[in-house]
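Okay, so here's the structure we're looking at.
Residues: numbered from 1 along the sequence shown.
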Amino acid sequence: MTIAHATAASGRQPVTVEMVDLYKQYGPTKALNGFNCTLNPGEMVVLLGPSGCGKTTALRALAGLEDIDSGRILTDGRDLTGVGPAGRDMAMVFQAYSLFPHLTARENVEFGLRVRKMGAGKRREAALRQLDLVGLADQADKYTHQMSGGQQQRVALARALAVDPTVLLLDEPLSALDAKVRVNLREEIRRLQQEAGTTALFVTHDQEEALAVADRVGVMRGGVLEQIASPTEIYGSPVTEFVAAFIGTTNRLDARSDGNTAYLLGQKVPLLPGSATGEVSVLVRPEAIDLSPATGDENAVVEQMSFLGAHTRVTAMLGDTRIVAQLGPSAALQLDVGGRVHITLHNTPALAVAA
Ligand code: ATP
């Protein structure tokens, strides 16, 4: 894992965050049910998971905005239980609309510095510097209603980073923006977080976003962390069916497994550690399947082809089994809807789960 160990402008060293055995219940709902997660210094961890799995509760618990029923939260070994949000010195960027409408962009960025009793001149200078870092030097005197959604979120980011927080918390900061702005801004958030060297927790339900910005992605389910790993590992080596299915599209194909190898469609596929044995389902990514025009008596038939720009998604039916493959432009050009195809499985390790 490569993590920037930059030192923040103030000279603050990036902190380690430990969330240990967190429990939080709302009535009958166990929002956090033994949640454990450690953020390494300067690391961006993205919590990903379906609606209601506890992502926001974990983030708010870390911020001190939500009391936990039990468990411990520590930064650099210091127990924060009982410390209020202000004492935690963290900063948060929310989904949207969190700027003060009666303040300009600069005044919004100055806000946290004013609370921290920084003098007017220094405050103004720091705010302008931070706005410059997010590419908004020329928008300093604008009010929220004069800025686009993306610009407002940049101001919110500048406001968060201006106070040089111990931890940067991002709660779905991009979900209200359109696709192109979202991609640009996520790259910017990542760059600024790395430059500042701030430990960060980012919550989203957008898997592509999570894979794009994270040092490590934590997949949550039912108030617990099901797996936490680098984007490539969580995509390529999911430890459970839930993680495999939640991140990316997955085919579920019947097979026989000896624990190391699966046998299906007359072919062999190597298996990931922890795979089931016997009659199993193998979870195969669309990009690990090739389809080519049939040359013999193959009976898989192309049902649908969707052109997606860089690649084409092709659905084929083999009896009752639906197989989704992702093909490059030249492979896709060889196929037609209704045509019979040959299926080739790549040698990519896959997870086998109980059938
Ligand atoms: P989403 O992606 O939809 O924001 P999430 O993963 O962030 O979901 P949380 O907001 O952490 O999930 O909520 C976890 C569970 O706790 C949900 O079932 C939610 O309904 C419940 N919950 C959260 N906050 C409260 C509250 N203040 N009162 C009652 N129930 C709550």
Side-chain angles (χ1 to χ4, degrees), residues 30 33-34 48-54 205 207-208 210-211 217-292 294 296-306 311-327 331 335 337 339-355:
K30 293 177 173 158
N33 196 20
L48 181 67
S51 185
C53 70
H205 56 256
Q207 37 146 317
E208 185 194 307
L211 296 174
V217 177
V219 177
M220 283 186 75
R221 179 193 198 185
V224 299
L225 198 60
E226 185 124 333
Q227 183 176 3
I228 182 163
S230 69
T232 46
E233 194 179 339
I234 209 133
Y235 188 82
S237 307
V239 294
T240 64
E241 181 173 5
F242 176 80
V243 174
F246 193 75
I247 302 203
T249 315
T250 288
N251 290 282
R252 210 172 190 279
L253 305 175
D254 292 342
R256 268 204 65 74
S257 154
D258 62 15
N260 294 312
T261 307
Y263 302 86
L264 66 161
L265 307 174
Q267 299 169 53
K268 288 185 202 174
V269 171
L271 291 176
L272 289 168
S275 283
T277 55
E279 300 297 326
V280 296
S281 296
V282 184
L283 309 177
V284 183
R285 299 286 186 199
E287 60 273 26
I289 299 178
D290 273 335
L291 301 176
S292 53
D297 57 359
E298 298 96 330
N299 49 12
V301 176
V302 174
E303 189 188 61
Q304 195 181 21
M305 296 178 67
S306 314
H311 55 257
T312 299
R313 186 153 286 223
V314 182
T315 307
M317 293 304 291
L318 178 61
D320 290 340
T321 306
R322 177 179 304 271
I323 294 169
V324 179
Q326 181 174 301
L327 304 181
L335 307 180
V337 171
R340 290 188 303 113
V341 284
H342 179 75
I343 301 168
T344 308
L345 302 171
H346 294 198
N347 212 27
T348 316
L351 186 71
V353 297

**Request:** Could you tell me the separation between the CD atom of Gln326 and the OG atom of Ser306, rounded to the nearest 0.5 Å?
**Result:** 11.0 Å
Under 3.5 Å donor-acceptor pairs involving side-chain atoms of residues 219-231, not counting sequence neighbours:
unit_1 : atom_1 : unit_2 : atom_2 : d
Glu226 : OE2    : Thr240 : OG1    : 2.8
Gln227 : OE1    : Val239 : N      : 2.9
Gln227 : NE2    : Ser237 : O      : 3.2
Ser230 : OG     : Thr232 : OG1    : 3.3
Ser230 : OG     : Glu233 : N      : 3.2

**Message:** To the nearest 0.5 Å, what is the distance between CG on Leu264 and CG on Asp254?
**Reply:** 9.0 Å
**Request:** Indicate whether any N or O donor in one side chain lies under 3.5 Å from an N or O acceptor in the other, for Thr250 and Arg285.
**Result:** yes
**Request:** Any chance you could measure Asn260, atom CG, to Ser275, atom OG, to the nearest 0.5 Å?
**Result:** 9.0 Å
**Prompt:** Heavy atoms, side chains only, cut-off 4.5 Å: are Leu211 and Ile234 in contact?
**Reply:** yes
**Item:** Residue pair Tyr263 / Asp258, side-chain heavy-atom distance below 4.5 Å
**Value:** yes
**Asked** Which atom names give the shortest non-hydrogen contact between Leu335 and Ser292, and what distance separates them?
**Response** CD2-C, 3.9 Å
**Side-chain heavy-atom pair Thr315, Ile323 within 4.5 angstrom cut-off** = no
**Asked** For Gly236 and Leu272, which heavy atoms make the closest approach, and how far apart are they?
**Response** O-CD1, 3.6 Å
**Request:** Take Val269 and Leu253 through the test side-chain contact (heavy atoms from CB on, under 4.5 Å) and record every step on the way to the result.
**Result:** CA-CA 11 Å; Val269 171; Leu253 305 175; over 6 Å; no
**Distance, nearest 0.5 Å, that separates CG of Leu327 from CD1 of Ile289** = 9.5 Å
**Complete:** Interatomic distance, OG1@Thr344 vs CG@Leu291, rounded to 0.5 Å, equals 8.0 Å
**Prompt:** So, do Leu318 and Asn299 sit near enough that their side-chain heavy atoms are less than 4.5 Å apart?
**Reply:** yes
**Complete:** Heavy-atom nearest pair, Ala276 first then Ala354, reads CB-N, 3.8 Å
**Prompt:** Would you say Val282 and Leu271 make side-chain contact, with heavy atoms under 4.5 Å?
**Reply:** yes
**Message:** Can you tell me if Glu303 has over 12 outside heavy atoms packed within less than 6.0 Å of its CD?
**Reply:** yes
**Val243 versus Pro238, closest heavy-atom pair with distance** = CG1-CB, 3.8 Å
**Prompt:** Nearest 0.5 Å, what's the CD-OG1 distance between Gln304 and Thr312?
**Reply:** 12.0 Å
**Prompt:** Mind checking whether Gln207 and Val217 have side chains closer than 4.5 Å, heavy atoms only?
**Reply:** no
**Request:** Sequence neighbours left out, what passes side-chain contact (heavy atoms from CB on, under 4.5 Å) with Glu241? Give chain and number order.
**Result:** Arg252, Leu283, Val353
**Item:** Minimal non-hydrogen separation, Glu287 against His346, with atom names
**Value:** O-CE1, 3.3 Å
**Asked** Would a 4.5 Å heavy-atom cut-off, applied to side chains only, mark Asp290 and Ile343 as touching?
**Response** no
